[in-house]
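Some notes on the structure that comes next.
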Amino acid sequence: MSQLKDTLFRKIEEQRPRVTRLLKEYGQVELDKVTIAQAIGGVRGVKCLVTDISYLDPEEGVRFRGKTIPETFAALPKVPGSEYPYVEGFWYFLLTGEVPTMEQTLEVVADFQARRPVPQYVFDALRAMPRDLHPMAMLSAAIVVMQGESIFAKRYNEGMGKGDLWDPMYEDSCNLLAKLPAIAAYIYRLKYKGDTPIPSDPELDFGGDFAHMMGIAPPYDDVARMYFILHSDHESGNVSAHTTRLVASALADAYYSLSAGVNGLSGPLHGLANQEVLRWIQSKMEKLGGKLPTEEELERYLWDTLNSGQVIPGYGHAVLRRTDPRFSAQMEFCEKYLPNDDLYRLVKMLYKVAPKVLQEHGKARNPWPNVDAQSGVIQWHYGITQYEYYTVLFAVGRALGVLANITWDRALGYPLERPKSITLDMMEKTAGIQ
Ligand code: HAX
């Protein structure tokens, strides 16, 4: 057994009695009451999901395994010559809650390198798809087309105990994760670079190999590492994480579950917002003949967008009530590497003007930027000018969090998810409406 799997197993053995005790002895303790507004309003704020992988505080932002984003970046072993950590070490950390040593990290790097080769039929399937298909649809299809590789499905069909389900879920998750950079880069080179895929470099780490297969020079390898880690997890209630978890709760394997989660991520109110941000910003610059707008012009543009009934992309959040620390982490990168980039300067100006306008508008509960307000700008700077591709990058990162979650869901034996519905009649009766 690898050090990661060994540590994970030890952690699972520690956690299981905690869940059993909570259920058996404290099962009737109330966490929250559900109101009509919450039932109609997308279950906002209802505490009914459990995960230890990350927690999203409305004021502070996400903590991965108890660590803030800066603490996470500082703690994990770094790729030599790079300022950012190994994605593989982050996977170890997400799964176990323990910061790995360099040796433990390099063991995962080698393990992922061995799991990396993508079956040829995946590339054949991608090539058979219409080239103008959205890259998220391609990614989702490429994941589910590998379902026949699932160790979980095979072992489940052979018959296995509930307590052992985490093991094949872990194996599928590692196999899938290790292959995602190559699949995502293949989609990019197939669709946008004249069908010129670049083979993987077996010596490189997850982020480094992705940058290499995209054909983009350093520091894009660091952009990839930063981006994948920042987008990995945001507790388990957001659409992509929750969809993955819901599908896996029916004991569907990681291939079916992640493909479903990727479909959820493709919504414009969720992961697609990063492509919308850039489209929105650039259409303003185009109208001005490529010039940066003044603050007054930008403010007018914001009002025009709001008055036409559209949202300001990249602003607002269902849980957060402050600037998203994932936005701030990317801003730090931009300040260092692209302070004079026109789009970045516009993002900065927007950060100054948009919260004030949204507050005045008075609808959004959170007028501050989320992760998507910034991410497309960095990708554009490094030559990825195809907006629609940005959500694929988000999906590769998100896979880390959701796959860690469904491995733990099986380890702790969480059951099939099945919330209860009621009718509008029943609700009106409960509310005392005649
Ligand atoms: N611009 C204009 N109006 C906004 C707004 C924004 N950026 N954010 C929220 N509102 C509006 C909502 O549409 C809602 O209006 P209605 O009452 O007419 O329906 C009202 O303000 C209250 O919404 P809320 O409670 O503040 O926010 P929600 O939890 O309903 O929605 C969203 C959260 C992220 C979907 C929302 O803020 C939004 O649409 N933002 C723009 C799109 C975006 O950036 N999405 C990415 C979010 C991060 C993410 O998940 N990335 O994957």
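As the structure lists them, so they are numbered: ligands from 1, and atoms in each ligand from 1. Worth knowing before you read on, the calculation uses all heavy atoms, side chains too, and leaves out hydrogens, waters and symmetry mates.
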Got an N/O contact under 3.5 Å between [X] and ligand 1?
X: I312; value: yes
X: R326; value: no
X: N370; value: yes
X: L265; value: no
X: Q310; value: no

Can you name the atoms of ligand 1, numbered from 1 with element, that are less than 4.0 Å from a heavy atom of [X]?
X: A273; answer: 43 (C), 44 (O), 45 (N), 46 (C)
X: D372; answer: 46 (C), 48 (C), 49 (C), 51 (N), 52 (O)
X: F394; answer: 51 (N), 52 (O)
X: G271; answer: 52 (O)

Between [X] (side chain) and [Y] (backbone), is there a donor-acceptor pair under 3.5 Å?
X: Q330; Y: V371; answer: yes
X: R398; Y: S232; answer: yes
X: K47; Y: D32; answer: no
X: R65; Y: L95; answer: yes
X: D172; Y: F152; answer: yes

Does the separation of the ring centres of [X] and [Y] fall below 6.0 angstrom?
X: F90; Y: F228; value: no
X: Y351; Y: F327; value: yes
X: F123; Y: Y186; value: yes
X: H234; Y: H317; value: yes
X: Y86; Y: F206; value: no

Practice problem: Please test R345 against D341 for salt bridge (Lys or Arg N to Asp or Glu O under 4.0 Å), starting from the C-alpha separation and ending with a verdict. | Solution: CA-CA 6 Å; R345 284 166 59 203; D341 180 288; over 6 Å; no
Exercise. May I ask you to identify, for V277, whether its side chain, its backbone, both or neither come under 4.0 Å of ligand 1 on a heavy-atom basis?
Key: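 Looking at V277 and ligand 1, no heavy atom falls under 4.0 Å.
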Counting non-hydrogen protein atoms only, what is the nearest one to [atom]? Give residue, atom name and distance.
atom: atom 36 (C) of ligand 1; result: Y315 O, 4.4 Å
atom: atom 50 (O) of ligand 1; result: H270 ND1, 3.0 Å
atom: atom 27 (O) of ligand 1; result: H317 O, 4.3 Å
atom: atom 28 (P) of ligand 1; result: R44 NH2, 3.5 Å
atom: atom 26 (O) of ligand 1; result: R365 N, 2.7 Å
atom: atom 20 (C) of ligand 1; result: K363 O, 3.7 Å
atom: atom 3 (N) of ligand 1; result: V311 CG1, 3.9 Å
atom: atom 33 (C) of ligand 1; result: A318 N, 3.7 Å

Quiz item: Under 6.0 Å from the CZ atom of F333, do we count more than 12 heavy atoms belonging to anything else shown?
Solution: yes
Self-check item: Separation of L190 CG from R127 CZ (nearest 0.5 Å)
Solution: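 The CG atom of L190 is 5.5 Å from CZ of R127, to the nearest 0.5 Å.
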Quiz item: Heavy-atom distance to atom 5 (C) of ligand 1: which of G264, G314, G316, A364 wins?
Solution: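 It is A364 that holds the nearest heavy atom.
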Quiz item: Of N366, L302, L269, T305, which has the heavy atom at the shortest distance from atom 39 (O) of ligand 1?
Solution: L269
Exercise. Compare all side-chain heavy atoms of P85 with those of F73 and state whether any distance is below 4.5 angstrom.
Key: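 Contact flag for P85/F73 side chains = yes.
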Quiz item: So is L358 close enough to ligand 1, meaning a heavy atom under 4.0 angstrom away?
Solution: yes
Self-check item: Under-4.0 Å protein heavy-atom contact, atom 7 (N) of ligand 1
Solution: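 Within 4.0 Å of atom 7 (N) of ligand 1, protein heavy atoms are found.
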Quiz item: Can you find a protein heavy atom under 4.0 Å from atom 12 (C) of ligand 1?
Solution: no
